[in-house]
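Report on one structure; see the data block that follows.
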Amino acid sequence: MSEETRLIHGFHAVTAKLRQDAEGVREIYLASGRQDGRAKDLVKLAGECGIRIVSVDTARLDGMAKGESHQGVVASVAARQRYVTLDDVLDNLAEPALLLVLDGVTDPHNLGACLRVADAAGAHAVVAPKDRACGLNATAIKVASGAADTVPYIVVTNLARSLREIKERGIWTIGAAGEATRDLYAIEQKGATAWVLGAEGEGLRRLTRDTCDELAKIPMYGSVESLNVSVASGICLFEARRQRS
């Protein structure tokens, strides 16, 4: 039986995969004629990892990436995703947990950006429900710029139940909500913390909101009423990091 594979695209995503899981890369397809620095660096790294580079025309890359911006590179990688549970993450931490929980984020660009922010802030995992979520597809992986391979992405069947389990582990759950009476800077975040955010516009579902320990808002000083979920995630996670430092 042949091994299942999936495609990822973009220089950041492919390079990160080579550096973090070269054994999972099967083949790399590079636009013919590419002689720029990024292409040469990728070819060198692939050679060091023993991965074959296949030169193809742009039309083929366009078809493989299904219309997404591929930057001239697509890689075939093992379809298997490293399966990690929330307990796996929480049982092996050397510091208080910092989690990002996403409720209703269905745009893969937003998911990828959230993963990138989570990596930058040192979050230990991103948690999302199986339903009302886009999943970790090629677009999300590309936008994540390597963070999809460094930050565990944990899919749960029932988000409210998982939040209760997180709370039972002594992690304070804070839901981001514009109608909250307190802002995030007034809330203690030095201990184990899980920030829970919904999609821009829709926000958190009622059950998710009711399950959180408390709600907090990001103070807004201009004319816009809400922020993109990845921007909001960055503000919340980095405030938690600021308080810890």
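It should be emphasised that the depicted structure is a prediction, and the values quoted were computed from it without experimental measurement.
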| task | Indicate if Val56 and Phe11 have the same hydrophobic cluster label, given that clusters are the connected sets of ILVMFWY residues with side-chain heavy-atom separations under 4.5 angstrom. | result | no
| field | Student check: side-chain heavy atoms of Asn137 and Arg6 closer than 4.5 Å | value | no
| field | Distance, nearest 0.5 Å, that separates CD1 of Ile218 from CD1 of Ile235 | value | 4.5 Å
| request: Working to the nearest 0.5 Å, report the span between CD1 of Ile154 and CG of Leu102. | output: 11.5 Å
| said: With a sphere of 6.0 Å drawn around CD of Glu202, does it hold more than 12 non-hydrogen atoms of other residues, nucleotides or ligands? | reply: no
| Sidechain-backbone polar pair: Asn110 side chain, Thr106 backbone, donor-acceptor under 3.5 Å | no
| field | Asp103 side chain to Arg205 backbone, donor-acceptor under 3.5 Å | value | yes
| field | Close side-chain approach of Asp62 and His70, heavy atoms under 4.5 Å | value | yes
| Exercise: identify the closest heavy-atom pair between Cys114 and Ser233 | SG-OG, 3.9 Å
| task | Could you pull out the closest heavy-atom pair between Tyr29 and Ser76, with the gap in Å? | result | CE1-CB, 4.2 Å
| At what distance, to the nearest 0.5 angstrom, does CG of Leu136 lie from CG of Leu111? | 6.0 Å
| task | Look at the side chain of Arg26 and the backbone N and O of Glu23, then say whether any donor-acceptor pair between them is shorter than 3.5 Å. | result | yes
| field | Donor-acceptor contact below 3.5 Å, side chain Gln243 vs main chain Ile187 | value | yes
| Pair Leu99-Leu86, side chain to side chain contact (heavy atoms under 4.5 Å, CB included): steps then yes or no | CA-CA 10 Å; Leu99 305 176; Leu86 193 54; 4.2 Å; yes
| task | For Leu204 and Arg209, work out which heavy atoms get closest and say how close. | result | O-NH2, 3.0 Å
| field | Glu95 vs His124, side chain to side chain donor-acceptor pair (under 3.5 Å): CA-CA, chis, key distance, verdict | value | CA-CA 10 Å; Glu95 64 173 343; His124 301 113; 2.9 Å; yes
| So if you build clusters from Ile, Leu, Val, Met, Phe, Trp, Tyr with side-chain heavy-atom gaps below 4.5 Å, do Val14 and Met64 land together? | no
| note | In terms of heavy-atom contacts, Cys49 and Leu18 come closest through SG-O, 4.0 Å
| remark: Output for pair (Thr150 OG1, Asp21 CG), nearest 0.5 Å, gives 12.5 Å
| note | Interatomic distance, CZ@Arg38 vs NE2@His12, rounded to 0.5 Å, equals 5.5 Å
| side chain to side chain contact (heavy atoms under 4.5 Å, CB included) evaluation trace for Gln189 with Trp172 | CA-CA 8 Å; Gln189 300 175 53; Trp172 194 250; over 6 Å; no
| request: Search all heavy atoms of Leu184 against all heavy atoms of Cys236 and return the closest pair with its distance. | output: CD1-CA, 3.8 Å
| query | Are the side chain of Arg244 and the backbone N or O of Pro96 linked by a donor-acceptor pair below 3.5 Å? | reply | yes
| request: Is it possible for you to say whether Val54 and Val74 belong to one hydrophobic cluster, with membership spreading through side-chain heavy-atom contacts below 4.5 Å? | output: yes
| field | Thr173 versus Cys212, closest heavy-atom pair with distance | value | OG1-CA, 3.4 Å
| Note, Val101 side chain near Thr208 side chain (heavy atom, < 4.5 Å) | no
| task | Using a cut-off of 6.0 Å, state whether more than 12 heavy atoms not belonging to Glu179 lie near its atom CD. | result | yes
| Applying the 4.5 Å side-chain criterion to the ILVMFWY set and letting contacts propagate, would Leu159 and Leu90 be lumped into a single cluster? | yes
| Do the side chains of Ile28 and Leu61 join up, straight or via other hydrophobic residues, at under 4.5 Å, putting them in one cluster? | no
| remark: Rounding to 0.5 Å, atoms NZ (Lys167) and OG (Ser162) come to a distance of 12.5 Å
| field | Working for side chain to side chain contact (heavy atoms under 4.5 Å, CB included), residues Thr15 and Leu45 | value | CA-CA 8 Å; Thr15 300; Leu45 180 60; 3.8 Å; yes
| Do Thr85 and Asp87 have a side chain donor and acceptor closer than 3.5 Å? | no
| said: Between Arg116 and Val143, does the side chain to side chain contact (heavy atoms under 4.5 Å, CB included) criterion hold? Intermediate values first, please. | reply: CA-CA 8 Å; Arg116 192 171 183 178; Val143 175; over 6 Å; no
